[in-house]
Each structure stands twice: as structure tokens, then as C-alpha cells.
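Note that these values count all heavy atoms, side chains included, but never hydrogens, waters or copies made by symmetry. Residue numbers start at 1 and run along the sequence shown. Note that the coordinates shown come from a computational prediction; the quantities given were computed from them, not determined experimentally.
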Amino acid sequence: MVHNKELKVSAIENGTVIDHIPSDNLFKVITILGLDKITTQVTFGANLDSKKLGRKAIIKVSEVFFEDNEINKISLVAPHARLNVIKNYEVVEKRDVTIPDTIVGIVKCFNPKCITNNEAVTTHFKVVNKKEVALRCHYCEKITTQEELRFEAS
């Protein structure tokens with residue numbers, strides 16, 4: 001006897017779906033975007049099959065629409081993510097995130113002696129490698145890699 005089992009995740013009326021997140025970075029995206037602190041419905045799945053990534057994660061956030069600086073944060077840990085904006089249960093916009101050429105005020109410099117870690121100076125990085133994510137600090141010129149990324153408080 002074969003039983004057909006199906007899991008259903010409720011559709012969201014308005015909000016954002018973030019798809020194609022590397023499974024290993026799911027909780028980084030949740031933390032970066034402060035999704036652990038919001039009061040609207042958040043649904044996520046990890047280690048889902050993906051032709052593009054092998055394994056992926058997905059996040060559905062009801063009643064939340066992200067600003068460009070938040071999307072830039074996503075691109076640093078999930079460079080192939082896709083955002084689907086949902087309105088009245090319909091996808092009204094699909095957007096692939098891309099790593100910008102410069103990152104301002106999002107990431108902290110990993111160099112403890114950098115002026116940005118010791119004075120009230122906004123961080124500013126030039127992206128020197130988008131594939132492996134490497135950022136050069138405008139002030140101290142140290143390279144921060146993806147493994148060293150720490151994000152400014154939202």
C-alpha cells in the first residue's frame with residue numbers, strides 16, 4: 001500500500017520569499033535580516049533539493065518587503081538568492097540579488113585596529129572578488145573574506 005504524503009506550507013498574502021539560499025547560510029540570513037525579532041509569520045526550510053545548488057534553503061516572510069541595503073546583506077552570504085515579492089498571493093516581482101561594487105555601512109572591518117572599529121566612522125568597502133566574496137576596506141585596506149564577515153547592527 002502506497003501512501004501519498006504531502007507537506008503544505010501556507011501561501012503568504014503579502015511579503016517576500018527568499019529562495020536559493022545556500023543551506024549552510026540559512027541562519028546567517030535570518031540573523032542578518034533580524035527575522036528572529038519580527039512579529040509577522042516567518043516560514044523557512046533547509047536542505048531542500050535544488051538543481052542549482054544541490055541543497056538550498058528558502059524563507060517566506062509575511063508583510064515584509066526588503067530595502068536595497070538589506071538585499072545587499074543577503075547577497076554577501078547568498079549571492080545566488082532570488083527574492084519574490086508577493087502581493088495578494090501573486091508574485092509581482094522577481095529579483096536576483098547581486099553583490100554591489102561597494103558596500104557601505106553594512107559590514108564591519110575584521111581589522112580591530114581599523115578606524116571604523118574605534119571611532120564613529122561608517123564602513124566602506126570595495127568588492128574585490130564577487131565569487132569568493134572579498135572586500136577591501138577603504139580606510140585600512142585590509143581584505144575581509146566571506147568567512148570573516150560580521151554585520152553592523154541593524
Side-chain angles (χ1 to χ4, degrees), residues 4-111 116-117 122-138 142-154:
N4 185 14
K5 293 184 179 183
E6 185 176 328
L7 295 175
K8 292 188 177 185
V9 176
S10 61
I12 57 175
E13 183 176 358
N14 296 297
T16 306
V17 176
I18 308 167
D19 198 3
H20 301 291
I21 302 166
S23 281
D24 293 347
N25 291 342
L26 171 63
F27 292 101
K28 286 181 184 176
V29 172
I30 290 169
T31 301
I32 288 164
L33 295 177
L35 300 180
D36 53 333
K37 296 176 182 75
I38 66 170
T39 58
T40 62
Q41 180 182 10
V42 177
T43 306
F44 64 86
N47 298 315
L48 306 171
D49 289 329
S50 169
K51 292 176 184 170
K52 191 175 184 180
L53 299 172
R55 293 277 182 203
K56 72 174 183 177
I58 188 170
I59 302 172
K60 288 181 159 188
V61 188
S62 183
E63 302 301 329
V64 174
F65 303 95
F66 296 100
E67 301 292 327
D68 285 343
N69 68 328
E70 294 168 308
I71 293 167
N72 288 347
K73 289 180 183 182
I74 296 168
S75 73
L76 293 172
V77 296
H80 303 291
R82 168 171 274 185
L83 273 69
N84 295 312
V85 176
I86 312 295
K87 293 193 179 171
N88 297 318
Y89 297 103
E90 299 289 330
V91 176
V92 297
E93 180 184 355
K94 289 186 177 198
R95 184 171 175 189
D96 291 326
V97 299
T98 56
I99 297 174
D101 294 329
T102 59
I103 304 291
V104 178
I106 296 173
V107 176
K108 292 183 175 190
C109 183
F110 89 101
N111 176 8
T116 62
N117 288 317
T122 302
T123 60
H124 187 166
F125 295 88
K126 178 172 178 32
V127 177
V128 293
N129 187 335
K130 291 185 179 188
K131 186 173 181 175
E132 300 295 324
V133 183
L135 313 174
R136 176 179 289 118
C137 179
H138 173 76
K142 297 285 185 191
I143 302 290
T144 299
T145 64
Q146 189 169 32
E147 294 78 34
E148 298 164 327
L149 287 179
R150 293 178 320 167
F151 292 85
E152 298 281 350
S154 297

Holding to side-chain contact (heavy atoms from CB on, under 4.5 Å), I want the full list of residues that pass it with Glu147, two or more places apart in sequence or in another chain. Thr145
Residues pairing under salt bridge (Lys or Arg N to Asp or Glu O under 4.0 Å) where one sits in residues 76-95, two or more places apart or in two chains, turn out to be Asp68-Arg95, Arg82-Asp96
Going from CG on Leu149 to NZ on Lys73, what distance comes out if it is rounded to the nearest 0.5 angstrom? 12.0 Å
Sequence neighbours left out, what passes side-chain contact (heavy atoms from CB on, under 4.5 Å) with Asn47? Give chain and number order. Ser23, Arg55
Residue set satisfying side-chain hydrogen bond (donor to acceptor under 3.5 Å, both in side chains) with Asn117, at least two apart, ordered chain then number -> none
d(Ile74 CD1, His20 NE2) to nearest 0.5 Å is 13.5 Å
Side-chain donor or acceptor of Asn111 paired with backbone N/O of Lys142 under 3.5 Å: no
Got a sec, which residues hit side-chain contact (heavy atoms from CB on, under 4.5 Å) with His124, two or more places apart in sequence or on another chain? Thr102, Val104, His138, Tyr139
What residues, two or more places apart in sequence or in another chain, satisfy side-chain contact (heavy atoms from CB on, under 4.5 Å) together with Asp19? Lys56, Ile58
Using the ring-ring contact (aromatic ring centres under 6.0 Å, His included) criterion, which residues pair with Phe44? Sequence neighbours excluded. Phe27
Mark yes or no for whether Thr123, through its side chain, and Val107, through its backbone, hold a donor-acceptor pair below 3.5 Å. yes
Let me confirm one number: the CD1-CD1 distance from Ile59 to Ile21, rounded to the nearest 0.5 Å. 3.5 Å
Can you tell me how far the OG1 atom of Thr43 sits from the CD1 atom of Ile12, to the nearest 0.5 Å? 8.0 Å
So how far is it from Thr116 OG1 to Phe125 CZ, rounded to the nearest 0.5 Å? 6.0 Å
Would you mind listing every side chain to side chain donor-acceptor pair (under 3.5 Å) that reaches into residues 125-137, with sequence neighbours excluded? Asp101-Lys130
Roughly how far apart are Thr144 OG1 and Phe110 CZ, rounded to 0.5 Å? 5.5 Å
